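Within every chain, numbering begins at 1; the chains are lettered A, B, ... in the order of the sequence lines, protein sequences first and strands thereafter. Just so it is clear, the model here is predicted, and its values are computed rather than measured.
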Amino acid sequence: MFNQLFPNVDWVKMWEATYETLYMTIISTGVTFVLGLAIGILLFLTSPHQIWANKIVNLLTGSLVNIFRSIPFIVLIILLIPFTKFLLGTIRGVEAALPALIIGAAPFYARLVLIALREIDKGVIEAARSMGAKTSTIIWKVLIPESMPALLSGITVTAVALVGYTAMAGIIGAGGLGNLAFIDGFQRSREDVTLTATIVILIIVFILQFIGDFITTKTDKR
Amino acid sequence: MIRLKDISKIYKTKNGEITAVKDVNLSINKGEIFGIIGYSGAGKSTMIRLLNGLEKPSSGTVEVNGQQISSATGTQLRQARQKISMIFQHFNLLWSRTVADNIAFPLEIAGVPKAEREKRVGELINLVGLSGRENAYPSQLSGGQKQRVGIARALANNPEVLLCDEATSALDPETTDAILELLLDINKRLGLTIVLITHEMHVIRKICDRVAVMEAGQVVESGEVLQVFQNPQAEITKNFVMQVSGTKESKESIEQILVNYPTGKIVKLTFIGNKTEQPVISQIIKEFDVEVNIVHGNITQTTSGPYGTLIVQIDGKPNQVEQAFKLLETREIQAEVIDHV
Ligand SMILES: Nc1ncnc2c1ncn2[C@@H]1O[C@H](COP(=O)(O)OP(=O)(O)O)[C@@H](O)[C@H]1O
Ligand SMILES: [Mg+2]
């Protein structure tokens, strides 16, 4: 029946493209989580009245984050071509999409991390300081656990955005469902391929959102 | 135990400088409960935060437990803080941790091994009366229970000093009393020095040995609680004493009496300790040809004994009233004539 409704869909290829999209999304989400968290924490701790209060570092980091956050992703990919080429020797394939995906998403996530950290009750940080906690203890045992629900819902939003980014990266040759939809579907006027790729992307997004919401609720003990 | 020398704290803000604490000299003894009372903005929080180095003084020195906190930094300051605990108005518990894990937090900071941590947490939970609640999250507790967790957490590393920043101000009167009793009990049992700040005289009279009154960053009055109650000097102290002696409410009745009895004298008697048990009033009536009207009476318990105020109208021939006054003086009862409200 499937084959009658979608005569042009090559299911093996579709599966391969799905795998590539998942691969790009998962790896880039993972790296974005770590990198964005680190940048977000740096932004937070260097802001006024915080433990590492430092105008220059804060301004510099904040500006970089804002600049990269403001560049449209498709432009960022093009701008990063030389960098990717230097790093990986090629601009084709799933690996080649990762630098652009991470550099595009990490500043966005860093912002969400900053917002999450600002929501932490100041008194709790002060209590930890009054107990003689080191800054590293405050980061690992106060800042991260106390903002966990917001950090998780933030990474869910970012992961969903990254699925979209992988599709865009696909158009310039990174592989995945976006690439399939564009090359096999759009350019060859096979609407059923485009439609199927879209449905699979939607399913991925729904699953990500569901998992994200579930874990977020689970960690929130407030 | 704690010595503040010539302490001033100036905050530099966009709108200029704010002097939060000014020229404070204060000495707190080991094992006592020392209260600092003042209205909001008086500089109490700034002052108590100087004691664990959360704030550094602009000038002067802070010494706690033989260590200069005002100049300590890094590891030295962090280690000192493990022996100077703090509890807060809004408890400041970690919502992401259970009661037991909140109490274990300072032990983790101090590097206590897991098995020992668990044992200590068990003891502390019993001490503050939270048995059975160890696996609850703070959001599942009442205000009083949260403060008990705060206290257990503060005691975890066997501190020498406990700082309380408005620790009962977010609690209802009954819970406030229960928490104050717990603090008193801890003070007696562990010999812990407690410094607490508050805007309620009730808290001071209930558990403090000595008190300092703060206004606009300065200590305007300090001394034994009973003494300050009996003989408040500064205007602000008199207002605070009125909070508990109830003389504020009696203003109206005094007014009425002044109108109804234009003769004689309205006298406020203040007595402390066992003097509250002397039958002075009946003695005055028996010995002199005077009439005594009771306008207002009140006895308050403090940790160092009862403290009472009695407002009476004494009427009669001037020389008889005079002699009645003399008798009061020989009894070391403080008598103050009120001729205006
Ligand atoms: N970090 C700060 N920066 C600037 N001003 C402050 C700061 N902390 C306190 N102040 C000011 O210092 C004064 C005393 O505040 P505080 O010690 O909190 O008083 P209290 O605890 O008695 O209400 C207030 O005028 C307050 O606005
Ligand atoms: Mg305060």
Side-chain angles (χ1 to χ4, degrees), chain A residues 33 37 40-41 44-45 47-55 58-59 113 115-155 212-222, chain B residues 11 13-14 45 48-49 51-55 72 74-99 101-111 135-141 149-150 153-157 159 161-163 165-166 170:
Chain A
F33 180 73
L37 193 59
I41 288 172
F44 178 75
L45 289 180
S47 51
H49 305 299
Q50 295 300 337
I51 304 171
W52 289 343
N54 185 321
K55 264 200 185 119
N58 191 258
L59 200 73
V113 171
I115 293 168
L117 296 177
R118 281 194 187 139
E119 288 292 308
I120 298 175
D121 184 359
K122 276 199 207 89
V124 177
I125 301 169
E126 178 154 310
R129 287 180 63 207
S130 81
M131 290 175 217
K134 283 186 286 196
T135 305
S136 61
T137 310
I138 292 177
I139 292 173
W140 289 108
K141 299 200 168 186
V142 180
L143 296 185
I144 294 177
E146 290 287 296
S147 61
M148 195 48 95
L151 295 181
L152 290 175
S153 67
I155 201 64
D213 289 350
F214 179 77
I215 302 176
T216 302
T217 323
K218 196 97 180 170
T219 52
D220 199 345
K221 308 287 187 195
R222 276 172 294 193
Chain B
Y11 288 112
T13 67
K14 275 181 229 138
S45 293
I48 207 163
R49 290 157 53 85
L51 300 184
N52 61 3
L54 284 176
E55 299 286 356
T75 314
Q76 196 192 5
L77 180 59
R78 285 196 299 271
Q79 261 161 12
R81 279 178 182 163
Q82 291 176 10
K83 294 290 174 193
I84 311 171
S85 295
M86 193 162 185
I87 59 173
F88 307 84
Q89 179 173 5
H90 299 293
F91 325 120
N92 296 351
L93 304 177
L94 284 91
W95 64 257
S96 57
R97 286 177 172 235
T98 60
V99 166
D101 289 344
N102 262 291
I103 300 172
F105 188 35
L107 297 167
E108 289 170 24
I109 291 171
N135 294 321
Y137 283 91
S139 63
Q140 300 166 317
L141 301 178
V149 179
R153 181 175 76 173
L155 296 177
N157 283 319
V161 180
L162 178 64
L163 309 174
D165 187 347
E166 304 265 5

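Residues B/Ile109 and A/Ala133 come closest through the heavy atom pair CD1-CB, 3.5 Å.
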Enumerate, including both backbone and side-chain atoms, all donor-acceptor pairs under 3.5 Å from chain A to chain B.
{"from": "A/Gly123", "atom 1": "O", "to": "B/Asn92", "atom 2": "ND2", "distance (Å)": "3.0"}
{"from": "A/Glu126", "atom 1": "OE1", "to": "B/Arg49", "atom 2": "NH1", "distance (Å)": "2.6"}
{"from": "A/Glu126", "atom 1": "OE2", "to": "B/Arg49", "atom 2": "NH1", "distance (Å)": "2.4"}
{"from": "A/Arg129", "atom 1": "O", "to": "B/Arg81", "atom 2": "NH1", "distance (Å)": "3.3"}
{"from": "A/Lys141", "atom 1": "NZ", "to": "B/Glu108", "atom 2": "OE1", "distance (Å)": "2.6"}
{"from": "A/Glu146", "atom 1": "O", "to": "B/Trp95", "atom 2": "NE1", "distance (Å)": "3.2"}
{"from": "A/Glu146", "atom 1": "OE1", "to": "B/Trp95", "atom 2": "N", "distance (Å)": "3.4"}
{"from": "A/Glu146", "atom 1": "OE1", "to": "B/Trp95", "atom 2": "NE1", "distance (Å)": "3.3"}
{"from": "A/Glu146", "atom 1": "OE2", "to": "B/Trp95", "atom 2": "N", "distance (Å)": "3.1"}
{"from": "A/Glu146", "atom 1": "OE2", "to": "B/Ser96", "atom 2": "N", "distance (Å)": "3.1"}
{"from": "A/Glu146", "atom 1": "OE2", "to": "B/Ser96", "atom 2": "OG", "distance (Å)": "2.6"}
{"from": "A/Lys221", "atom 1": "O", "to": "B/Ser139", "atom 2": "OG", "distance (Å)": "2.9"}

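Residue B/Leu93 touches chain A through its backbone alone, counting heavy-atom pairs closer than 4.5 Å. Contact annotation for B/Leu163: neither backbone nor side-chain heavy atoms come within less than 4.5 Å of a heavy atom of chain A.
Note that the CD1 atom of A/Ile125 and the CG atom of B/Leu94 stand 10.0 Å from one another [nearest 0.5 Å].
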